[in-house]
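The structure displayed is predicted, hence computed values, not measured ones.
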Amino acid sequence: MSSGNRFFNYRRPCAGLTLALMILGLTLASDDSRAEYGDIVINNFSEQAGMAPVIFPHWFHRIRYRCKVCHGDLGFQFQAGGNKIDMLKIIEGEYCGACHNGEVAWPVDNCNLCHSGKPGTPTQVHESTLQKLLVPAGGTGSTQGATKK
Amino acid sequence: MTYGACDVLNISVRRILLTLTLTLCTAWTHAGEWKSLLEDGIHDPAGPAIGILQQPAEALGILPPDVTGNKVRWRKALEDGYINPRASLAPDTRIRQLDTNILMRNTGDLPYVLFPHKPHTEWLDCSNCHERIFKSKTGATPMTMLAILNGQYCGQCHGAVAFPLTECGRCHSVPATEAGNAASVR
């Protein structure tokens with residue numbers, strides 16, 4: 001017979017309570033509510049190349065474009081850091097460069113408007129549920145969960 | 001394997017505790033107003049972008065409020081015309097929308113999940129989900145909350161940009177007692 005809902009392990013008498021306390025504890029400990037939900041930090045190549053990490057604010061873009069435009073037409077994967085974007089591709093009109101070309105949105109020579117992250121910030125989905133539940137206080141968001149998407 | 005009365009009680013108590021905890025976490029982590037870019041913890045406070053980029057409060061403060069995520073009811077914002085985001089860059093892009101609901105009954109003792117295609121296809125194209133994340137055939141995609149919490153299936157967006165996974169009741173919205181004999185696809 002199936003073990004039922006895998007989220008709860010019935011054979012461990014305190015699993016649910018432990019999980020609940022763990023989540024609550026980590027949430028309270030990590031209360032440092034910061035950047036907007038869905039903000040993406042992209043630091044695949046930036047700091048290696050001497051530039052600040054890129055911050056992509058979903059909230060700003062989804063007011064103006066539906067998800068399908070970038071995640072369909074422009075080919076962005078649903079994974080922070082999963083697109084291997086570099087400036088050459090952007091200048092060629094791929095990814096961000098489809099709009100950030102001086103016609104639709106600001107051109108690529110405004111380096112610091114995208115490369116605006118705090119030094120040392122790793123690639124992540126900021127404020128993601130997993131990040132909120134699993135990253136301890138002062139964490140860098142570099143857990144698998146935070147970088148998964 | 002069978003469970004006795006004590007096991008059932010324990011499971012219920014644990015579930016209530018977990019639900020309560022998630023609710024508390026939601027309230028705790030999403031209380032307060034939008035942070036300015038200067039103090040959001042990921043922008044460089046010394047960088048030139050701070051004074052140029054739009055502040056979240058300016059854009060989000062005029063949209064329908066929510067208690068979690070961006071504190072914006074994005075679906076309502078779109079449906080009620082608060083925002084009118086473009087659906088394509090190229091004029092010849094085919095806009096596809098679907099208005100069917102899927103009722104998922106394999107939810108343990110939680111309420112059934114009602115998935116509405118309409119609000120999803122307002123934002124997304126069919127190809128964003130099918131067939132890479134979800135099979136088109138109803139019931140053919142095996143999902144668990146563990147996988148979703150780990151960023152798979154619904155968790156590709158919910159918990160990252162769409163409303164957070166702490167909002168159990170927004171998906172688990174149909175009590176089994178109210179579902180009656182409705183077909184799985186309505």
Side-chain angles (χ1 to χ4, degrees), chain A residues 1 3-8 10 13 15-17 19-21 23-24 27-28 31-39 41 52 55 57-60 62-69 71-74 78 80 98-99 104 112-114 116-119 121 125-126 128-130 132-133 145 148-149, chain B residues 1 3 7 10-11 13-15 17-18 20-22 24-25 28-32 34-35 40-44 47-50 52-54 56 59-60 69-70 72 74 83 85-90 93 108 122-125 127-128 144-146 149-151 156-157 159-161 164-166:
Chain A
M1 178 176 171
S3 61
N5 189 336
R6 291 173 56 196
F7 196 57
F8 298 88
Y10 297 150
L17 182 61
L19 182 62
L21 289 175
I23 291 172
L24 182 61
T27 303
L28 294 177
D31 175 48
D32 199 8
S33 189
R34 298 286 195 89
E36 270 311 304
Y37 182 71
D39 277 359
V41 180
I55 295 176
H58 263 112
W59 62 268
F60 179 95
R62 72 182 295 182
I63 290 173
R64 295 154 177 86
Y65 293 91
R66 300 180 196 225
C67 320
K68 65 178 86 176
V69 174
H71 291 291
D73 294 353
L74 300 186
F78 289 132
C99 289
V104 179
N112 291 328
L113 294 186
C114 297
S116 58
K118 186 179 282 187
T121 310
V125 184
H126 205 71
S128 70
T129 302
L130 258 188
K132 293 300 290 183
L133 297 182
K148 180 90 179 170
K149 299 185 201 72
Chain B
M1 184 182 295
Y3 302 109
D7 292 317
N10 282 340
I11 291 164
V13 168
R14 275 182 249 152
R15 190 153 298 190
L17 272 172
L18 187 61
L20 183 65
T21 308
L22 286 172
L24 278 172
C25 288
W28 182 273
T29 56
H30 298 287
W34 299 275
K35 293 278 185 183
D40 72 0
I42 58 174
H43 282 90
D44 183 355
I50 295 295
I52 299 173
L53 298 175
Q54 187 178 33
L60 305 180
N70 296 118
V72 168
W74 287 107
I83 57 174
R86 291 172 66 176
S88 68
L89 285 174
T93 301
E122 289 283 347
W123 291 102
L124 294 156
D125 184 62
S127 63
N128 288 134
T144 64
M145 276 313 300
L146 201 60
L149 279 160
N150 202 29
Q156 294 241 330
C157 296
V161 294
L165 295 169
T166 43

- Query: Given the rule in the side chain to side chain contact (heavy atoms under 4.5 Å, CB included) test, do Trp123(B) and His71(A) qualify, once you have shown the distances and angles that lead to the verdict?
  - Reply: CA-CA 10 Å; Trp123(B) 291 102; His71(A) 291 291; over 6 Å; no
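- For the atom pair CD1 (Ile63(A)) and CD (Gln54(B)), the distance works out to 6.5 Å, reported to the nearest 0.5 Å.
- Atom NZ of Lys68(A) is separated from atom CZ of Arg86(B) by 13.5 Å, given to the nearest 0.5 angstrom.
- Across all their heavy atoms, Thr129(A) and Leu165(B) have their closest contact at OG1-N, 3.2 Å.
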- side chain to side chain contact (heavy atoms under 4.5 Å, CB included) between Asp40(B) and His126(A): does it pass, once the steps are laid out? CA-CA 10 Å; Asp40(B) 72 0; His126(A) 205 71; over 6 Å; no
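- Asn112(A) contributes no side-chain N or O that, together with a main-chain N or O of Ala49(B), makes up a donor-acceptor pair within less than 3.5 Å.
- Side-chain atoms of Arg62(A) never come within 3.5 Å of backbone atoms of Trp74(B) as a donor-acceptor pair (strictly under, hydrogens ignored).
- For the set Ala98(A), Ala52(A), Gly38(A), the entry with the most heavy-atom pairs within less than 4.5 Å of chain B is Gly38(A).
- Residues Phe78(A) and Leu124(B) come closest through the heavy atom pair CZ-CD2, 4.1 Å.
- Here the straight-line distance linking atom CG of Leu113(A) with atom CD1 of Ile50(B) works out to 10.5 Å at 0.5 Å rounding.
- Of all the listed residues (Cys99(A), Gly72(A), Ser116(A)), the one sharing the greatest number of non-hydrogen pairs under 4.5 Å with chain B is Ser116(A).
- Of the two parts of His58(A), only the side chain, counted from C-beta on, holds a non-hydrogen atom closer than 4.5 Å to a non-hydrogen atom of chain B.
- Pro119(A) touches chain B through its side chain: at least one heavy atom from C-beta onward sits under 4.5 Å away, while N, CA, C and O do not.
- With respect to chain A, the highest number of heavy-atom pairs below 4.5 Å among Ile83(B), Asp125(B), Leu89(B), Ile52(B) belongs to Leu89(B).
- Between atom CG of residue Leu60(B) and atom CZ of residue Phe60(A) there is a gap of 11.0 Å, rounded to the nearest 0.5 Å.
- Contact tally against chain A (heavy-atom pairs below 4.5 Å) for Ser127(B), Gly47(B), Pro48(B): the top residue is Pro48(B).
- Heavy-atom distances place the side chain of Ile55(A), and not its backbone, under 4.5 Å from chain B.
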